[in-house]
Chemist: 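Sharing a structure, written as structure tokens. Questions coming.
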Amino acid sequence: SQTIHQWPATLVQPVGSPLSLECTVEGTSNPNLYWYRQAAGRGLQLLFYSIGIDQISSEVPQNLSASRPQDRQFILSSKKLLLSDSGFYLCAWTWPTSGAHTDTQYFGPGTRLTVL
Amino acid sequence: QQQVKQSPQSLIVQKGGISIINCAYENTAFDYFPWYQQFPGKGPALLIAIRPDVSEKKEGRFTISFNKSAKQFSLHIMDSQPGDSATYFCAASMRSGGYQKVTFGTGTKLQVIP
């Protein structure tokens, strides 16, 4: 079976500090990977998606960047955090679209980031 | 055209009642419509999903009704229980450029009172 991990679970960082959130998926190969941000009481905003190693696409311009150094590892980073970066960050995976699998997105447990 | 409109924003239902959440979409290229359930502090989890060639799908107490011509779909929770209290998101998805492009509704916070 497939599992998705995120860490840390919670993070409190000062404004201007760097950020690194990690997501790993087990039990599948060549997944599509996604980073979402969820503001309090709001929906999910897609930040980045990746269809393969070093293949990253950004949905919205912002203070964040993403990298995929390994097939099942997805990292969200920032060089200098802003107050507006606070939120609940969710990683998700799907099967590659080339296959006959379901199109369901499977979400990780999330990271609660507070920037002070 | 990429929006998915979800209503109501919040819903209070008595235990044993029926909870109904509605969604509408614009883009007819969407071909997969999942519903997610999210508890506080947790990631969303797939609840039930439907493709547009089916008008209804039922799994236990959860039913999706789909109206392709009206571009609307809804989630019905029968015999609602306090444990169903959560935020529910509808979504519409299509394959685009090698990935699943998913558009989420804004969520409905459901509270089931005893």
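The sequence lines fix the lettering, A, B, ..., with proteins before strands; numbering per chain opens at 1. What you see below is based on every heavy atom in this structure, not just the backbone, and it leaves out hydrogens, waters and symmetry mates.
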Chemist: I need the residue from A/T104, A/I51, A/L90 with the largest number of non-hydrogen atom pairs under 4.5 Å to chain B.
Modeler: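 Most heavy-atom pairs within the cutoff with chain B belong to A/T104.
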
Chemist: May I ask whether A/I56 and A/I75 are part of the same hydrophobic cluster, defined by side-chain heavy atoms of I, L, V, M, F, W, Y residues being less than 4.5 angstrom apart, directly or through others?
Modeler: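 As far as the 4.5 Å side-chain criterion goes, A/I75 and A/I56 are not connected within one cluster.
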
Chemist: Give me the contact list for residues 15-23 of chain A versus chain B, heavy atoms only, anything under 4.5 Å, ordered by residue number.
Modeler: none

Chemist: Distance from B/T103 atom OG1 to A/L44 atom CG, nearest 0.5 Å?
Modeler: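 Between atom OG1 of B/T103 and atom CG of A/L44 there are 11.5 Å.
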
Chemist: A/F88, B/V102: one ILVMFWY side-chain cluster at the under-4.5 Å cut-off?
Modeler: yes

Chemist: Going by atom types only, do B/Y36 and A/Q105 share a side-chain donor-acceptor pair under 3.5 Å?
Modeler: no

Chemist: In sequence, state the C-alpha distance, the side-chain angles, and the governing distance for A/Y34 and B/Q100, and then conclude on side chain to side chain donor-acceptor pair (under 3.5 Å).
Modeler: CA-CA 10 Å; A/Y34 308 77; B/Q100 287 78 11; 2.9 Å; yes

Chemist: Run the side-chain donor-acceptor check on residues 107-114 of chain B: report pairs under 3.5 Å with partners two or more places apart or on a different chain.
Modeler:
| from | atom 1 | to | atom 2 | distance (Å) |
| --- | --- | --- | --- | --- |
| B/T108 | OG1 | B/Q6 | NE2 | 3.0 |
| B/T108 | OG1 | B/P8 | O | 2.5 |

Chemist: Quick one: hydrophobic cluster around A/W7, which other residues, with the 4.5 Å side-chain cut-off, linked directly or via members?
Modeler: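 When side chains under 4.5 Å apart are linked, A/W7 ends up in no cluster with other residues.
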
Chemist: Is the closest basic N to carboxylate O distance between A/D103 and B/K101 below 4.0 Å?
Modeler: no

Chemist: Under 4.5 Å, heavy atom to heavy atom: which of residues 107-116 of chain A reach chain B? Give them by number, or say none.
Modeler: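 Against chain B, the residues of residues 107-116 of chain A that fall inside the cut-off (heavy atoms, under 4.5 Å) are A/F107, A/G108, A/P109.
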
Chemist: Is there a side-chain contact (heavy atoms from CB on, under 4.5 Å) between A/Q38 and B/F89? Walk through the geometry before answering.
Modeler: CA-CA 12 Å; A/Q38 186 176 31; B/F89 292 93; 3.2 Å; yes

Chemist: Begin from the C-alpha positions of B/Y99 and A/Q55 and carry the test side-chain contact (heavy atoms from CB on, under 4.5 Å) through to its verdict.
Modeler: CA-CA 12 Å; B/Y99 80 109; A/Q55 298 180 68; over 6 Å; no

Chemist: Hydrophobic clustering (ILVMFWY, side-chain heavy atoms < 4.5 Å, transitive) - are B/I48 and B/V13 grouped together?
Modeler: yes

Chemist: Is B/F33 reachable from B/M94 through a run of I, L, V, M, F, W or Y residues, each pair having side-chain heavy atoms under 4.5 Å apart?
Modeler: yes

Chemist: Look at B/A49, B/G41, B/S93, B/P34 and state which one has the largest set of heavy-atom pairs under 4.5 Å with chain A.
Modeler: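 Among the listed options, the one with the most contacts to chain A is B/G41.
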
Chemist: Checking heavy atoms, do the side chain of B/Q38, its backbone, both or neither come under 4.5 Å from chain A?
Modeler: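 It is the side chain, since no backbone atom gets that close.
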
Chemist: Can you establish whether the number of heavy atoms outside B/K71 located under 6.0 Å from its atom NZ is more than 12?
Modeler: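 Yes, NZ of B/K71 has more than 12 neighbouring heavy atoms, counting only those of other groups under 6.0 Å.
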
Chemist: Report yes or no: do A/Y36 and A/Y49 belong to one cluster of Ile/Leu/Val/Met/Phe/Trp/Tyr joined by side chain heavy-atom distances under 4.5 Å?
Modeler: yes

